[in-house]
Amino acid sequence: MKKFNVGVIGATGMVGQRFLLLLADHPWFNVVCLAASSSSAGKKYADAVKRWHMSEPLPEKFKDMTVFDATADKEKIAKTVDFCFCAVNMPKDEIRELEYAYAKLECPIVSNNSAHRFTDDVPMIIPEVNAEHLSVISAQKKRLGTKRGFIAVKSNCSLQSYVPLLHPLKKFGIKCAAVTTYQAISGAGKTFETMPEICDNVIPYIGGEEEKSEKEPLKIWGEVKDGKIIPAASPAITAQCLRVPVSDGHTAACFVSFENKPTKQDILKAWEDFSGEPQKSKLPSAPVRFIHYFAEDDRPQPKLDRNCERGMAVCAGRLREDNLFDYKFIGFSHNTLRGAAGGAVLLAELLAAKGYFD
């Protein structure tokens, strides 16, 4: 695989920082450009970062890189890179226009943002689940009038804790599912220092999160038709989302009913056997085994399991029959690795392997 020169837009934020850790020694992607808001532009990256949130140190190779203005310098950035990752903290309408602007400058965008998740010709990808949706990119490029430029996005971070576990069970005919997610503070770009109100507390509301949790899976399970992704009509999903005092890792309590109720062993086998395009293609960031099931009653746990397969696996536990639904189980994923920057890097690897950056 050839080396690609890449940029990180929104490099100073928490997800941007995670991108840099993941890309520091990446075998395919060489970071040549960092961009952020106008207040950071012109500064050395180490000076522009107000707070380094990661437990690992800031890689030396990025400290002295000059930060570009993501908006004012977009033409210069687009000429410098093969594609960009985008993880900016801006109003949604502004993000939408910024990502369109880069795409129209023939700079593909791999986005961690939600602005284009429901644009019907923008693929929203969990690489193991719906890699086939990348085919809609040709229609998007036709609409934008581009040869190389396009936008591809990853789904909401909380979905990674339960959608990959439901997906292998669709063959049994999922009728409906209910999920409550217990979401780490890093999902809000916070640490315990910057969010003291979460200590000894649970906040039972995350703005917009429940709608995303109910609607995004249907786009992921939809089909590409006539240059658009048509969301699936079912299954019905209802969700509640809570912010909890955990640094990293989203937990999901999931309940599910089926048209053809499987046995517990059927479900366990479906999880054990499941793999996707990243495993078949042996992409650099892909977990060897996508789904890990824990038989212990007290697993998975954020402290013990968030770094399973470098934080890129999805974990499950406590599968048992339910007296209202057919089954219930616990799901878990690392929200800033599998759920955010890591998932976007894996998506970029999939795009590279399939020639979308050529």
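If you read the sequence from its start, that first residue is 1, and numbering goes on from there. Hydrogens, waters and symmetry mates are skipped; everything else that's a heavy atom, side chains included, is used.
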With the side chain counted from C-beta on, respond yes when [X] and [Y] share a heavy-atom pair under 4.5 Å apart, and no when they do not.
X	Y	value
Asp326	Pro262	no
Tyr356	Leu350	no
Thr80	Ile77	no
Thr194	Ile185	no
Tyr45	Leu34	yes
Ile9	Val88	yes

Between the main-chain N or O of [Y] and the side-chain N or O of [X], is there a donor-acceptor pair closer than 3.5 Å?
X	Y	value
Lys154	Leu347	no
Asn201	Glu197	yes
His250	Ala184	yes
Asn113	Ala115	no
Ser281	Pro278	no
Glu309	Val288	yes
Tyr327	Lys264	yes
Gln17	Thr12	yes
Asp73	Lys76	no
Arg310	Ala286	yes

Please say whether more than 12 non-hydrogen atoms of neighbouring residues, nucleotides or ligands are located less than 6.0 Å from [atom1] in [X].
X	atom1	value
Glu132	CD	yes
Asp266	CG	yes
Asp200	CG	no
Asp273	CG	yes
Lys2	NZ	yes

Between Lys104 and Tyr100, is NZ or CZ placed under 6.0 angstrom from the six-membered ring centre and within 45° of the ring axis?
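Cation-pi check for Lys104 and Tyr100: passes.
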cation_pi(Lys261, Phe172) dist<6.0 Å, angle<=45
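Checked: cation-pi criterion not met.
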Regarding [X] and [Y], do their side chains bring together a donor and an acceptor under 3.5 Å, going by distance alone?
X	Y	result
Gln183	Asn335	no
His167	Trp221	yes
Glu128	Gln279	yes
His26	Glu349	yes
Thr336	Arg18	yes
Ser186	Asp248	yes

With salt bridge (Lys or Arg N to Asp or Glu O under 4.0 Å) as the criterion, how do Arg318 and Asp297 come out once you've worked through the C-alpha distance, each side chain's angles and the decisive distance to 0.1 Å?
CA-CA 6 Å; Arg318 300 204 68 208; Asp297 286 338; 5.2 Å; no
Determine the minimum heavy-atom distance between [X] and [Y], stating which atoms define it.
X	Y	value
Val67	Ser40	CB-O, 3.6 Å
Thr181	Cys241	OG1-SG, 3.3 Å
Ile330	Leu165	O-CD1, 4.4 Å
Cys157	Glu209	SG-OE2, 4.5 Å
Arg306	Ser247	NH1-OG, 3.3 Å
Pro287	Met312	CG-O, 3.4 Å

Between Tyr293 and Phe329, is the gap from one ring center to the other below 6.0 Å?
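Ring-ring flag for Tyr293/Phe329: false, centres at least 6.0 Å apart.
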Within the 6.0 Å centroid threshold, strictly below: Phe357 and Phe83
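So the answer is yes for these two rings.
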Side-chain ion pair, Lys63 and Glu60, N-O less than 4.0 Å:
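Here Lys63 pairs with Glu60 in a salt bridge, since their nearest N and O are under 4.0 Å apart.
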Using 4.0 Å as the upper bound for N to carboxylate O, is an ion pair formed by Arg96 and Asp93?
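Yes.
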To the closest 0.5 Å, what do you measure between [atom1] ([X]) and [atom2] ([Y])?
X	Y	atom1	atom2	result
Phe150	Cys107	CZ	SG	9.5 Å
Lys61	Asp25	NZ	CG	5.5 Å
Ile109	Cys86	CD1	SG	5.5 Å
Leu319	Leu268	CG	CG	5.5 Å
Tyr182	Ser161	OH	OG	11.5 Å

Carefully, step by step, assess Glu193 and Arg51 under the rule salt bridge (Lys or Arg N to Asp or Glu O under 4.0 Å).
CA-CA 11 Å; Glu193 289 181 358; Arg51 183 189 295 268; 2.6 Å; yes
Which of these, Lys228, Gln140, Arg143, Lys141, sits in a side-chain hydrogen bond (donor to acceptor under 3.5 Å, both in side chains) with Asp121?
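Single side-chain hydrogen bond (donor to acceptor under 3.5 Å, both in side chains) partner of Asp121 among Lys228, Gln140, Arg143, Lys141: Arg143.
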What residue among Lys212, Gln160, Glu216, Arg117 forms side-chain hydrogen bond (donor to acceptor under 3.5 Å, both in side chains) with Ser155?
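The residue from Lys212, Gln160, Glu216, Arg117 that satisfies side-chain hydrogen bond (donor to acceptor under 3.5 Å, both in side chains) with Ser155 turns out to be Gln160.
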Can Leu283 be reached from Ile125 by stepping across I, L, V, M, F, W or Y side chains whose heavy atoms are under 4.5 Å apart?
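Yes.
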Hey, mind stepping through Asn5 and Asn30 against side chain to side chain donor-acceptor pair (under 3.5 Å) and telling me if it holds?
CA-CA 5 Å; Asn5 289 329; Asn30 177 41; 3.2 Å; yes
Would you sort out whether Lys269 and Glu272 count as a salt bridge (Lys or Arg N to Asp or Glu O under 4.0 Å), showing the intermediate values?
CA-CA 5 Å; Lys269 189 173 191 314; Glu272 182 179 359; over 6 Å; no
